[in-house]
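Take a look at the structure set out below.
We number each residue from 1, following the sequence as shown. Computed from a predicted structure; not experimentally measured.
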Amino acid sequence: MTGTLYTADHRMFQLPPLLSWRVTHTGTVPCDSFSVTFVYQKEMAEVLALAAGFAAAEKGETMLRAIVDEYTVDLDENGLTATVSGRGYAARLLDNESRPVTYQQATLAEILANHAQPYGITCREEAAVRAETVYTVAAGSSQWKAVESFCRAYGGFSPRFSREGELLAGPEKPGRTLSIGEGDPVLSCTLREDHYGVLTEALVIDKTQNQAFSVKNQEMLDKGGQCRRVLYTPGQSTWAAMRYTGEYQIQRSREEAWTAEVTLPGSFLAFPGDRAAVSLGRMGLSGTFRVAEAENRFDSRNGARAVLTLKPLE
């Protein structure tokens, strides 16, 4: 993999050969991220001080565009090295807070124009979504939350970012399928199921209208779980909006309940949204899962490794 830095004064600097690197793709929040380490020379001081953007490429194909958060220069037993790290373009929306605002029958285009485009975000996909009710961005909300909440409430999907840093504000399209079986060189595999924090009930209350709506998670109730949350919505909420709020909270609470993490040799084997057809009988793990996160690592000791986090298909 190769790395390129882009400075605040619009210069481009090709990094020397990378000694080690890590590129993590999530497509959403937490952000995509990267860290690269290379031999440092004093001539790089000005470039590093002005570094604002980063691009990773593999065999001529862009693997990540990101912002630079930090650099360090280290002198130790390994010699003189520098490390640059940062996050994907979702950070531009996470790092900026929205003012409180209330929309009347807003469209997704209007939301993106106000909460994404002013921060240098270009949109590659934009669903034709319109709010039939009032949409409120609360005080203290990030620009990311303003966009994500609108997409989830009125479109039923979560926005994502492409590897090129473009916003995909539309339903996710299944990617390619990677097969992982007993004959493949699986370096490690961890299966985890955690019920802590998974809601069994979300009680949504509109205090202005004195209305309440309860959404239950029957699957978790059948497992003996008991975890309720009480949520308050802005006034003039519709039943549909209250139901969505409850369903959304339950869905988010169980996103981390089941995961499988598979480590394979190689890099950039899959990306978020791809599918993994797994057949590992020894672990009782079989089926087709969604790739939720892909972490790619390289160092001289271990070579290239891809760590794929898998979750059930929705």
Side-chain angles (χ1 to χ4, degrees), residues 26-32 87-162 166-172 197-199 202-209 211-215 217 229-256 272-273 292 311 314:
T26 65
T28 179
V29 172
C31 301
D32 296 345
R87 296 166 295 159
Y89 279 11
R92 292 182 172 179
L93 302 184
L94 281 169
D95 291 349
N96 288 281
E97 188 174 299
S98 173
R99 63 182 177 85
V101 59
T102 298
Y103 292 94
Q104 301 287 340
Q105 297 185 327
T107 64
L108 178 55
E110 184 180 3
I111 297 298
L112 295 176
N114 292 336
H115 298 279
Q117 294 170 9
Y119 302 93
I121 300 300
T122 58
C123 189
R124 194 171 80 191
E125 295 179 11
E126 182 183 313
V129 175
R130 174 186 291 275
E132 299 301 328
T133 59
V134 170
Y135 176 62
T136 300
V137 180
S141 298
S142 68
Q143 303 291 6
W144 167 259
K145 186 175 182 180
V147 174
E148 183 197 32
S149 296
F150 185 89
C151 290
R152 279 185 175 268
Y154 303 105
F157 61 86
S158 293
R160 303 158 324 281
F161 277 85
S162 71
E166 296 173 309
L167 183 62
L168 308 175
E172 182 177 87
V198 179
L199 301 184
L203 181 63
V204 186
I205 298 175
D206 185 326
K207 292 191 295 184
T208 302
Q209 301 183 90
Q211 293 179 333
F213 192 95
S214 174
V215 181
N217 180 357
R229 293 290 183 272
V230 180
L231 308 142
Y232 296 93
T233 63
Q236 300 179 336
S237 298
T238 64
W239 286 109
M242 295 173 74
R243 182 177 65 251
Y244 157 75
T245 300
E247 291 175 348
Y248 171 75
Q249 293 299 326
I250 288 176
Q251 178 185 345
R252 292 301 297 265
S253 75
R254 62 187 178 194
E255 283 180 351
E256 303 300 323
K311 294 188 178 182
E314 296 181 359

Decide yes or no for [X] and [Y]: does some side-chain heavy atom of the first lie under 4.5 Å from some side-chain heavy atom of the second?
X    : Y    : value
C151 : L108 : yes
F150 : P159 : no
Y154 : I111 : no
T28  : P272 : no
R124 : L167 : no
Q249 : R229 : no

Exercise. Side chain to side chain contact (heavy atoms under 4.5 Å, CB included) with F161: which of L93, L168, V29?
Worked result: L93
For this session: Report yes or no: does R130 contribute a side-chain atom to a donor-acceptor pair with the main-chain N or O of A128 at less than 3.5 Å?
Result: no
Exercise. Would you say S141's side chain and K145's backbone share a donor-acceptor pair under 3.5 angstrom?
Worked result: no
Problem set entry | Minimum heavy-atom distance between E126 and A109, given as atom pair plus value |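 Scanning both residues, the minimum pair turns out to be OE2-CB, 3.1 Å.
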Seminar exercise, completed: Closest non-hydrogen contact found for F157 with G170 is CE1-N, 3.3 Å
In a table with atom names and distances, give each donor-acceptor pair under 3.5 Å that connects a side chain of residues 112-121 to protein atoms at least two apart or in another chain.
residue	atom	partner	partner atom	Å
N114	ND2	Y103	OH	3.2
N114	ND2	E110	O	3.4
H115	ND1	Q143	OE1	2.6
H115	NE2	Y103	OH	2.7
Y119	OH	Q143	NE2	2.8

Exercise. For Q211 and I205, what are the C-alpha separation, side-chain angles and deciding distance, and is it a side-chain contact (heavy atoms from CB on, under 4.5 Å)?
Worked result: CA-CA 6 Å; Q211 293 179 333; I205 298 175; over 6 Å; no
Problem set entry | Pairing residues for R87 by the salt bridge (charged side-chain N to carboxylate O under 4.0 Å, His left out) criterion, not counting sequence neighbours | D69, D95
Problem set entry | From E172 atom CD to E125 atom CD, the distance as rounded to the nearest 0.5 Å |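 If I round to the nearest 0.5 Å, the distance is 10.0 Å.
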Exercise. Got a second to check how far E148's CD is from S158's OG, nearest 0.5 Å?
Worked result: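 These two atoms lie 5.0 Å from each other.
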Seminar exercise, completed: Sorted by chain and number, sequence neighbours left out, side chain to side chain donor-acceptor pair (under 3.5 Å) with T26 holds for D32
